[in-house]
Amino acid sequence: MEVTRQRIGPLLVGRRIRSVATTRPSYLFLTRPSALRRGLLGRTVRGLERRGKYLVAPLDDGARLVLHLGMTGQLFSGEATSPRLLSAQGRSSQAERAARRSRAEFIEPQAERAARRSRAEFIEPAQRRFRPDSHTHLRLGFEDGGPEVFLRDVRKFGKVLLLRSGESHPRLDLLGVDALELSGPALFAASRGRRAAVKAVLLDQGVATGIGNIYADEALFRAGVRPTRRAGALTRRECAALAEAVRAVMHRSIETGGSSIRDYVAPDGADGAYQDERRVYGRAGAECLACGARIRRVLVAQRGTHFCPTCQR
DNA sequence: ATTCCAACCTGATAGC
DNA sequence: TGCTATCAGGTTGGAA
């Protein structure tokens, strides 16, 4: 979300909204689309802040546009280009691609295939332009006629709401300290008396906000702490190491542009690279890069949880 | 006062 | 080919 904030900021801040298109009312819209359109039309965006995984955009009338991307949300420029922004209809499935490939290899002479490839490379850029689909829930156009801004979210676990001037919202008010500033003592204090697994505490946005499933697993690995450990049993020393690991992992992910594993793209369409630095998340059955043991996957707090049984105690 | 768990959605993939 | 089951960067509200 921090990478998204940094890169979508210039496409929002200082621009006056001329058009607002939305999909039909749904779980995603905490503010009804009709009210959202009324509240946004003609407004100028004054800034863009992040509160944990939420983005908050103050408007020139004192209202605030609040966005959360949930699991599959994508916030991006109309000029962005990426296969991750295409819906299934606009993209060939893996089965189709495989079928086409094997057909092609069977009947097509190599020279012909090369010619087709160069034709495709010549034509493709024009065809790749993003076209709003049924998952594109918000589309903002601006007075300056520049690039639009899109919010797309396949699963609709994201959130869009408009807070009127001075209005607050419990979802924002209950957030803890930002993960980038989580301190050992704060984590230690928050863990006291909690019987839940330490991973559940890391994911609790009221303790620290911004830590998601990938980063919880990666931080626990770095700190050498097993995710299933009872939070209340962690020592000050372990909390210090874990808080440090959280900060390090989050900073590194921001540096590398985030984790593009399945849906995430930056607002400019670029993939992040943090997925290449994962040591445990999504590596169940593979060898631990530190000790060679098999990475294990278990459920903790109903979330897939990955750890090294020898490095993490 | 916590912790658990189903629910909110859709799509990709693995296995039979 | 198709069908079923499982999994997925999150959060919430109410039951246990």
May I ask you to check if A:Arg15 and A:Phe142 form a cation-pi contact, with NZ or CZ under 6.0 angstrom from the six-membered ring centre and within 45° of the axis?
-> yes
Salt bridge A:Glu218-A:Arg279, side-chain N to carboxylate O under 4.0 Å: no
Given protein heavy atoms under 4.0 Å, the one-letter contact record of nucleotides 5-10 of chain B, with B base, S sugar-phosphate only and - none, is simply B--BBB
query: What integer number of Å spans the P atoms of B:dC9 and C:dG13?
result: 14 Å
Whole-Å distance, A:Leu203 CG to B:dC4 C1', equals 14 Å
Distances for protein N/O vs nucleotides 13-15 of chain C N/O pairs under 3.5 angstrom?
none

Regarding A:Asp153, tell me which of base, sugar-phosphate or nothing describes its non-hydrogen contacts under 4.0 Å with the strands shown. nothing
query: Which part of the nucleic acid does A:Lys53 contact within heavy-atom distance under 4.0 Å: base, sugar-phosphate only, or nothing?
result: sugar-phosphate
A:Arg303 atom CZ is separated from B:dC4 atom P, nearest whole Å, by 14 Å
Within the structure provided, determine whether A:Phe150 and A:Phe130 are in side-chain contact (heavy-atom separation under 4.5 Å). yes
* To do: Describe the nucleic acid contact of A:Arg278 in one word from base, sugar-phosphate, nothing, applying a heavy-atom distance below 4.0 Å.
  => nothing
Q) Any Lys/Arg nitrogen of A:Glu244 or A:Arg222 sitting under 4.0 Å from an Asp/Glu carboxylate oxygen of the other? A) no
Evaluate the criterion side chain to side chain donor-acceptor pair (under 3.5 Å) for residue pair A:Lys156 and A:Ser26; output intermediate values, then yes/no. CA-CA 8 Å; A:Lys156 289 187 274 193; A:Ser26 74; 4.8 Å; no
### Query
Using 4.0 Å as the upper bound for N to carboxylate O, is an ion pair formed by A:Asp133 and A:Arg152?
yes
A:Met71 CE to C:dA8 P, in whole Å, measures 8 Å
Q) Between C:dT11 and B:dA1, how far is it from one P atom to the other, in whole Å? A) 24 Å
Its dot-bracket string being built from Watson-Crick and G-U pairs below 3.5 Å, with | for another strand and [ ] for crossing, DNA chain C has the pattern .|||||||.|||||||
Inset, instruction - I would like to know whether A:Val3 and A:Tyr264 meet side chain to side chain contact (heavy atoms under 4.5 Å, CB included); could you show each step before the answer? - result: CA-CA 11 Å; A:Val3 174; A:Tyr264 175 72; 3.5 Å; yes
**Study point:** Any A:His68 side-chain nitrogen or oxygen under 4.0 Å from OP1 or OP2 of C:dG10
**Key:** no
Exercise. Are the side chain of A:Asn213 and the backbone of A:Arg303 linked by a donor-acceptor contact shorter than 3.5 Å?
Worked result: no
Rounded to whole Å, CG of A:Asp204 lies from P of C:dT11 at a distance of 10 Å
For a side chain to side chain contact (heavy atoms under 4.5 Å, CB included) check, start with the C-alpha distance between A:Met250 and A:Glu2, then their side-chain angles and the critical distance, and finish with the verdict. CA-CA 10 Å; A:Met250 304 292 282; A:Glu2 177 58 21; over 6 Å; no
Rounded to whole Å, OH of A:Tyr215 lies from P of C:dG10 at a distance of 10 Å
When rounded to whole Å, the CZ to C1' distance for the pair A:Arg192 and B:dT2 reads 16 Å
note: A:Arg262, atom CZ; B:dT13, atom P; distance rounded to Å ~ 7 Å
Original post:
Taking NZ, NE, NH1 and NH2 as the nitrogens, is one of them in A:Arg194 or A:Asp204 under 4.0 Å from a carboxylate oxygen of the other?
Top reply: yes
Item to check | A:Tyr215 and A:Tyr274 aromatic ring geometry - parallel, tilted or perpendicular at 30°/60° bounds | outcome: tilted
Rounded to whole Å, CG of A:Leu299 lies from P of C:dT6 at a distance of 12 Å
Query raised in the report: Is A:Ile261 close to A:Arg278 at the side-chain level, that is, under 4.5 Å between some pair of heavy atoms?
Result: yes
